[in-house]
Asker: 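Dumping the structure here so I can ask a few things about it.
Since this is a predicted model, take the numbers as computed values, not measurements.
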Amino acid sequence: MSKSKLKKELAGMTQEQVSDLMVQVYEASKEAKAWLDFYLNPDIEALGEKYRKQIHLKCYGRNGKARRPKMRDCNQLIKTFSLIVQDPTPVSDLMLYFVEEITRVASLKGRYSESYQRTLTGQFRKTLEYMKSAGLLEYSMPRIRKIIGMAERCSRYLADEYEEAMEKVLSYEQ
């Protein structure tokens with residue numbers, strides 16, 4: 001259904017019908033529930049902390065032992081967070097937190113395959129590109145340098161890949 005058709009349908013409803021519909025949507029969808037909770041109580045810091053804890057759990061499990069997280073799950077958390085908040089500053093902070101965590105896990109666990117390191121580099125590049133498009137890259141440069149240092153503890157190859165990705169993003173004019 002298009003937005004215009006939805007607006008037309010909602011305009012034809014009474015306030016009580018719209019209210020009932022909102023409650024049904026709230027109960028039916030996790031994403032809608034999260035968005036409506038945030039809309040009614042917009043605490044970005046608390047929501048960001050909730051998502052950081054979920055990412056941490058994906059990277060370390062309940063027992064706190066470092067493990068290779070499922071990138072898709074973590075990227076879905078970031079996507080959901082970005083749909084709720086729609087402010088690039090907390091979204092980029094969460095993306096950078098994710099890169100910190102996966103790099104820390106890689107440095108704790110030791111060397112990984114080249115393909116996994118390419119995946120880490122891709123996530124790093126994606127984060128830098130998002131931050132650059134939002135104008136937040138320079139602000140986070142000390143944190144990015146720390147991440148590259150962590151990558152070096154994992155392998156020189158990963159650190160080189162991170163450096164190369166950063167150079168490409170910095171040199172790319174939009």
Side-chain angles (χ1 to χ4, degrees), residues 29-31 33-35 37-38 41-172:
S29 168
K30 245 172 55 170
E31 290 83 10
K33 182 180 187 316
W35 189 87
D37 285 342
F38 181 75
N41 184 18
D43 187 353
I44 293 174
E45 199 55 43
L47 187 66
E49 186 59 32
K50 174 185 169 187
Y51 278 83
R52 281 189 291 277
K53 285 180 181 177
Q54 290 178 8
I55 288 172
H56 182 82
L57 189 61
K58 299 277 183 199
C59 293
Y60 296 96
R62 297 209 184 277
N63 63 2
K65 187 176 177 183
R67 65 182 186 186
R68 183 175 164 177
K70 291 182 179 163
M71 298 292 194
R72 190 178 62 136
D73 293 348
C74 293
N75 280 317
Q76 184 59 47
L77 289 169
I78 292 168
K79 182 179 178 186
T80 302
F81 181 77
S82 70
L83 290 172
I84 295 169
V85 175
Q86 296 183 349
D87 176 3
T89 303
V91 172
S92 66
D93 180 62
L94 186 65
M95 291 175 81
L96 206 50
Y97 175 77
F98 176 46
V99 171
E100 285 172 331
E101 289 299 300
I102 60 176
T103 304
R104 186 174 291 118
V105 166
S107 69
L108 290 171
K109 297 290 275 182
R111 294 191 67 146
Y112 279 111
S113 68
E114 259 186 62
S115 65
Y116 186 66
Q117 289 185 13
R118 279 193 303 272
T119 302
L120 295 178
T121 303
Q123 189 67 44
F124 181 71
R125 182 181 300 115
K126 178 178 157 184
T127 300
L128 295 179
E129 287 169 351
Y130 178 85
M131 294 176 80
K132 183 177 182 182
S133 70
L136 300 168
L137 192 57
E138 288 301 317
Y139 170 76
S140 299
M141 205 49 82
R143 199 167 160 195
I144 292 166
R145 292 279 175 209
K146 281 176 74 175
I147 292 170
I148 292 171
M150 275 191 284
E152 194 160 331
R153 286 192 293 275
C154 177
S155 79
R156 184 66 223 158
Y157 173 78
L158 182 59
D160 289 344
E161 290 289 310
Y162 276 19
E163 288 278 356
E164 187 177 312
M166 188 169 70
E167 287 173 18
K168 283 182 182 176
V169 170
L170 289 173
S171 67
Y172 177 70

Asker: Apply side chain to side chain contact (heavy atoms under 4.5 Å, CB included) to residues Leu170 and Met141 and explain how you reach the verdict.
Answerer: CA-CA 11 Å; Leu170 289 173; Met141 205 49 82; 4.2 Å; yes
Asker: Would you call Tyr60 and Arg104 a side-chain contact if the rule is heavy atoms closer than 4.5 Å?
Answerer: yes
Asker: Has the side chain of Ser155 got a donor or acceptor atom that lies under 3.5 Å from a matching backbone atom of Ala151?
Answerer: no
Asker: Say whether Asp73 and Gln54, considering side chains only, have a donor N or O and an acceptor N or O under 3.5 Å apart.
Answerer: no
Asker: Nearest 0.5 Å, what's the CZ-CD distance between Phe124 and Glu163?
Answerer: 7.5 Å
Asker: Can you confirm whether more than 12 heavy atoms, excluding those of Arg72, are under 6.0 Å from its CZ atom?
Answerer: no
Asker: Quick check: do Ile78 and Ile55 have side-chain heavy atoms less than 4.5 Å from each other?
Answerer: yes
Asker: Return yes if some donor-acceptor pair links the side-chain N/O of Asp87 with the main-chain N/O of Pro90 below 3.5 Å, else return no.
Answerer: no
Asker: Identify the two heavy atoms, one from Ile84 and one from Trp35, that lie closest to each other, and give their separation to 0.1 Å.
Answerer: CA-CD1, 3.8 Å
Asker: Any side-chain heavy-atom pair from Lys132 and Glu138 closer than 4.5 angstrom?
Answerer: no
Asker: With a 4.0 Å cut-off, would you call Glu45 and Arg52 a salt bridge?
Answerer: yes
Asker: Just by modelled atom types, is the Lys70 backbone N or O under 3.5 Å from a matching donor or acceptor in the Lys58 side chain?
Answerer: no
Asker: Less than 3.5 Å apart, any donor N or O on the side chain of Tyr162 or Thr103 sitting next to an acceptor on the other?
Answerer: yes
Asker: Check Met150 against Ser107 and note the closest heavy-atom contact, atom names and distance.
Answerer: O-CB, 3.4 Å
Asker: Starting from the C-alpha separation in whole Å, work towards a yes-or-no answer on side chain to side chain contact (heavy atoms under 4.5 Å, CB included) for Leu94 and Val85.
Answerer: CA-CA 11 Å; Leu94 186 65; Val85 175; over 6 Å; no
Asker: Does Tyr130 offer a backbone N or O that forms a donor-acceptor pair with the side chain of Ser133 under 3.5 Å?
Answerer: yes
Asker: Do Arg156 and Asp160 have side chains that get closer than 4.5 Å, going by heavy atoms?
Answerer: yes
Asker: Yes or no on salt bridge (charged side-chain N to carboxylate O under 4.0 Å, His left out) for Glu129 and Lys126, after CA distance, side-chain angles and deciding distance?
Answerer: CA-CA 5 Å; Glu129 287 169 351; Lys126 178 178 157 184; over 6 Å; no
Asker: Take Leu96 and Ser140, measure what side chain to side chain contact (heavy atoms under 4.5 Å, CB included) needs, and give me the verdict at the end.
Answerer: CA-CA 9 Å; Leu96 206 50; Ser140 299; 3.8 Å; yes
Asker: Which atoms form the tightest heavy-atom contact between Tyr51 and Thr80, and what is the distance?
Answerer: OH-CG2, 3.3 Å
Asker: Looking at Lys146, Arg145, Arg143, which one forms a salt bridge (Lys or Arg N to Asp or Glu O under 4.0 Å) with Glu100?
Answerer: Arg143
Asker: Please determine whether side chain to side chain contact (heavy atoms under 4.5 Å, CB included) holds for the pair Phe38 and Asp43, giving the CA-CA distance in whole Å, both sets of side-chain angles, and the decisive distance to 0.1 Å.
Answerer: CA-CA 7 Å; Phe38 181 75; Asp43 187 353; 5.7 Å; no
Asker: Say whether, by atom type as modelled, one donor and one acceptor occur between the side chain of Asn75 and the main chain of Met71 under 3.5 angstrom.
Answerer: yes
